[in-house]
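Worksheet for the structure shown next.
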Amino acid sequence: MIPAAAIITDHLATVNVANRLRQMAALQPNLAAVVETAGRTASGRRKYRQVTFAQLEDDTNRIAAGLRNVGVENGERLALLVRPSIDFVALVFALLKSGAVTILIDPGMGRKNLLRCLEDARPAGFVAIPPVQAVRALLPRRFGAARINVTVGRRWFWGGSTLAKLRRTEAAQFAIAATAPDDPAAIIFTTGSTGPPKGVLYQHRIFDRQVCEIRDQYDIRPGEIDLPCFPLFGLFNAAMGVTTVIPDMDATRPAQVNPRNIIEAVADWNINQAFGSPAVWNRVGRHCEQTGERLPTLRRVLSAGAPVPVDTLRRMRNCIHPQGEMHTPYGATESLPIATISASEVLGETAAQTVQGAGTCVGHRFAGIQWKVIEIDDGPLADMSQIRELPPGQIGELIVRGDVVTRQYVTRVEANATAKIADGPSVWHRMGDVGYLDSSDRFWFCGRMAHRVVTATQTLFSIPCEAIFNQHPQVFRSALVGIGPRGQQQPEIIVEPYAGQFPREATARDQLLRELRALAKTSPLTSDIATIRIHPALPVDIRHNSKIFREQLAVWAEQQELIEQRELHSL
């Protein structure tokens, strides 16, 4: 491992995170940069394919030079739709080097949302696998302006170049595009968990600053080895000189990951760091607890996307290196990273308060972040003169400002009015999350602002209320929803039992409901919640399989109520 003193300065002439790959290739040319699975041997042992940092640097230069040769100009938008792989990492850096603006969309959002997002982003071309190119070619009205198209794989009936051809481009004299700090680098789409997915504009300075913030906070050093169970996190690795081992999993379905594949990769490569959603670590942690298997080389585990259950933190701490730690960074597509907290701090201090309804503590803010909690307002806030900052301990809306905070949406642009607050030349982002700051300036997350339930007498927040019901040993997770118009809503709780514990018989169902109602009466937060429903599997987001789609559940609960009313009238 290379000592921190050897790391090259962050002050770069051209602000483009791809410059960091060039530095790392010079620093450690023969170290593996990206590793992917390549089947198994006859004996069943996993085989791998890999590229070194020097090879990745050369490959990305050739691809970038090829992109310019086919007409890519600075600032042009190209949609990238490629599976997690060496090719994916290489293409992202090549697109950055070429000066193109990469459109990144999670394919798991479904065909309708995917097509709508791509149409809204107005790409000048596609760098994509054959099935995507086929759809693009068959929809000329939607994507007729896509003039630069590169097929990753075999080209069929459409025109354009191929990745294989770009890789044959001579790149001896290639120079990275001279991108300025505020030049656009990428458009990344939100998950759409609280509305239609929106395209967030990333500038080159944001990517570059994210690398610094993450590296410095967690003391990540060149020569380390990471298993990113979320593809985009692997991009930071190459810029930090960290080897990326791409896991054998469907990145769009992290809740279905095979724990054996994770354990096997960690053992094969002596991996010391891994990133995944709470859904991933729930499966891995349970597997290790049940089988006694361990991940002894893992010293740093990261998880984000939704609050991580205390049981998941405890299980993962028990199966990694004795001196290892699990961290749960907090942020959003529009602003990442914002804050972080360790499992040790949660298990040793904040968890006891969380289960009693205090919210989930996401920890202290990163060094480059400013934050405030302001009075909740569902309307737009044009500038900071319209806000009212709240004192510690009072629940309100979180707003943030800093070098990693994006300034605008470039699709669904009407959302800019309600998500951004002007403050002179800078912009505050409204996280859409509610919570409070404590006396130590830690933020306690109490849910999404859109998920609060406003009755005639009080306002209920999702995370504190759900924590009361999550204490039941049969409950995996729960969701607070409101029925009716805001201000007159009736609160309901919908619970999802653990796998294999869904009550099939009426007597078992009634018993669980009685116990949950009794549990509700133990807390002033939930004592007025009279309606509790049982659901086999709460709908969750496609990116992390962890954020609960409470809007969908509210519709489901209303339908259940109508069914019950019809049945009552028919008696």
Side-chain angles (χ1 to χ4, degrees), residues 18 34 36 38 49 51 56 59-171 174 177 184-189 197 199 231-232 235 246 250-252 410-411 542:
V34 188
E36 64 183 17
R49 180 184 304 112
V51 294
L56 184 61
D59 189 32
T60 54
N61 285 343
R62 290 176 180 276
I63 298 170
L67 288 168
R68 288 189 184 170
N69 285 349
V70 297
V72 173
E73 298 177 0
N74 280 19
E76 282 198 300
R77 299 177 181 180
L78 295 181
L80 178 63
L81 289 155
V82 177
R83 296 182 181 91
S85 58
I86 291 172
D87 285 348
F88 174 74
V89 176
L91 283 164
V92 171
F93 277 99
L95 286 162
L96 287 165
K97 288 182 174 185
S98 75
V101 179
T102 308
I103 301 170
L104 292 166
I105 304 178
D106 196 322
M109 68 172 55
R111 185 175 183 273
K112 183 178 179 181
N113 274 337
L114 180 64
L115 289 174
R116 178 62 184 271
C117 289
L118 286 168
E119 189 174 17
D120 288 348
R122 302 187 304 277
F126 285 69
V127 180
I129 57 177
V132 174
Q133 294 289 16
V135 171
R136 186 267 310 165
L138 294 171
L139 296 173
R141 288 189 177 182
R142 287 189 168 189
F143 306 115
R147 61 183 180 83
I148 301 170
N149 297 294
V150 177
T151 303
V152 181
R154 184 178 178 184
R155 188 177 59 196
W156 298 349
F157 58 85
W158 53 85
S161 189
T162 65
L163 177 58
K165 184 176 180 180
L166 296 188
R167 279 180 160 142
R168 294 194 293 269
T169 306
E170 173 57 46
F174 175 78
I187 297 170
I188 302 178
F189 278 80
L232 287 181
L235 302 178
I246 297 171
D250 183 345
T252 67
V410 289
T411 72
I542 44 83

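- A donor-acceptor contact shorter than 3.5 Å links the side chain of Ser85 to the backbone of Phe88.
- Atom CD1 of residue Ile63 and atom CG of residue Leu163 lie 5.0 Å apart, to the nearest 0.5 angstrom.
- Minimum heavy-atom separation, Asp250 to Thr252: OD1-OG1, 2.6 Å.
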Going through the distances and angles, do Arg167 and Asp87 end up as a side chain to side chain contact (heavy atoms under 4.5 Å, CB included)?
CA-CA 11 Å; Arg167 279 180 160 142; Asp87 285 348; 2.8 Å; yes
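- Looking at Gln133, its side chain never comes within 3.5 Å of a backbone N or O of Arg155 through a donor-acceptor pair.
- Open room surrounds CZ on Arg116; 12 or fewer heavy atoms of other groups in view lie less than 6.0 Å from it.
- Taking CD1 of Ile187 as the start and CZ of Arg122 as the end, the distance is 8.0 Å to the nearest 0.5 Å.
- Atom CG of Leu95 is separated from atom OG1 of Thr60 by 10.5 Å, given to the nearest 0.5 angstrom.
- The closest side-chain heavy-atom distance from Phe143 to Val135 is not below 4.5 Å.
- Contact record, Phe93 with Ala18: CD2-CA, 3.9 Å, taken as the closest heavy-atom pair.
- Here Trp158 contributes atom CH2 and Leu138 contributes atom CG; the two are 9.0 Å apart, rounded to the nearest 0.5 Å.
- Taking the salt bridge (charged side-chain N to carboxylate O under 4.0 Å, His left out) definition, one finds that Arg142 meets it with Glu119, sequence neighbours left out.
- Val150 places none of its side-chain heavy atoms less than 4.5 Å from the side chain of Leu78.
- With sequence neighbours left out, the salt bridge (charged side-chain N to carboxylate O under 4.0 Å, His left out) criterion links Arg147 to Glu76.
- Atom-to-atom distance recorded for Arg68:CZ and Thr169:OG1 is 12.0 Å, nearest 0.5 angstrom.
- We find the CG-CD1 distance between Leu91 and Ile86 to be 11.5 Å, quoted to the nearest 0.5 Å.
- Checked by atom type and distance alone, the side chain of Asn149 never pairs as donor or acceptor with a backbone atom of Gly125 at under 3.5 Å.
- Listed here is the closest heavy atom pair of Ile105 and Cys117: CD1-CB, 3.7 Å.
- Arg62 meets the side chain to side chain contact (heavy atoms under 4.5 Å, CB included) test with Asp58, Ala171; sequence neighbours excluded.
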Going through the checks in order, is the side chain to side chain contact (heavy atoms under 4.5 Å, CB included) test met by Leu118 and Leu81?
CA-CA 11 Å; Leu118 286 168; Leu81 289 155; 3.9 Å; yes
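- Smallest separation of non-hydrogen atoms from Val70 and Ser161: CG1-CB, 4.3 Å.
- Pairing each heavy atom of Ala121 with each of Ile103, the nearest pair is CB-CD1, 3.6 Å.
- Taking every heavy atom of both residues into account, Asp59 and Ala90 meet most closely at OD2-CB, 3.6 Å.
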